[in-house]
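Here the structure comes first, spelled out in structure tokens, and everything after it is commentary.
The figures here come from the full heavy-atom set of this structure, side chains too, leaving out hydrogens, waters and symmetry mates. Here the structure is a predicted model, which is why all the values come from computation and not from measurement.
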Amino acid sequence: MGYRTERYGLATISLGNTKLGTIPNVSTCPGRDCGDVPCRKKCYAHKALRQYKEVRNCWRRNSTNAKRNLDGFMEGVRDYLCDRSPKWFRWHVAGDIHSQLYLDEMIAIAREYPDTKFLCFTKRHDMTYRKLPSNLSIVFSMWPGWGDARKARNRGLPIAWMQDGKETRIPDDAIECPGHCDSCGMCWNLKKIGRDVYFPVH
């Protein structure tokens, strides 16, 4: 499928991709919006950033707007949700939560739109994840040899593991990602399922 977007104020919403299918999502810049993480140089999203001008412009615009005018950016996300009422929504196919205020807005939005299920994979394990609404699935991402799984367990959060053949911490009952999010939806319900997910390196 082609890369299609819709602009709502300061937010540009992507209308899906090959893996997500038609699930809408909002992204920022991989690497510079992710903090000090081990996957900066090997991030899969850099390929799209380099190859596709439309993708690059969309992610950079969102990154700039979210940092310069967070209220305006999040209002754009709200406008999209109000207009389209999607069943599922994904935060950050690329990029990550760049501040506690950003995360607090994500939580507020989930409460305001209870009929939409929200998903965010994050390596920002340093944020405060309290009183998450049931329709917001925060999943702690782990990179081989990096990340404290106990911290996620203590917070009651599921984990997404990256398997490059060297990761030994993945639980035996973890589920391998089958791809095609719009026909699966598992990751939006990992906490309810009570299991982790893992992804072969990509």
Audit row: Y113, C82, side-chain contact (heavy atoms from CB on, under 4.5 Å) steps and yes/no: CA-CA 8 Å; Y113 297 91; C82 186; 3.9 Å; yes
Report the distance from atom [atom1] of [X] to atom [atom2] of [Y], rounding to the nearest 0.5 Å.
X	Y	atom1	atom2	result
F199	E176	CZ	CD	10.0 Å
F140	R155	CZ	CZ	4.5 Å
Y129	L136	OH	CG	9.5 Å
N65	R60	CG	CZ	14.0 Å
I175	R195	CD1	CZ	4.0 Å
K192	M186	NZ	CE	15.0 Å

Contacts of R153 that satisfy salt bridge (charged side-chain N to carboxylate O under 4.0 Å, His left out) - sequence neighbours left out: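 R153: salt bridge (charged side-chain N to carboxylate O under 4.0 Å, His left out) contacts with D196.
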Step-by-step side-chain contact (heavy atoms from CB on, under 4.5 Å) determination, Y8 to E6: CA-CA 7 Å; Y8 282 77; E6 288 186 355; 3.2 Å; yes
Nearest non-hydrogen partners of T12 and C58, listed with the distance: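 Heavy-atom minimum between the residues: CG2-SG, 3.5 Å.
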Heavy-atom closest contact (M142 atom, A152 atom, distance):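 In terms of heavy atoms, the two residues are closest at CE-CB, 4.4 Å.
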Are the side chains of [Y] and [X] in contact, using a 4.5 Å heavy-atom criterion?
X	Y	result
V26	W91	yes
C187	F121	yes
E167	Y198	no

Aromatic ring pairing F89/Y80, orientation class (parallel under 30°, perpendicular over 60°, tilted between):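 Tilted, since the angle between the ring planes falls between 30° and 60°.
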Those residues that, when tested against Y102, pass ring pair (Phe, Tyr, Trp, His ring centres under 6.0 Å) (two or more places apart):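 For Y102, the residues satisfying ring pair (Phe, Tyr, Trp, His ring centres under 6.0 Å) (neighbours in sequence not counted) are H92, H98.
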Within residues 110-119 or reaching into it, pairs that qualify as salt bridge (Lys or Arg N to Asp or Glu O under 4.0 Å) - sequence neighbours excluded: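 Passing the test, one end in residues 110-119: R78-E112.
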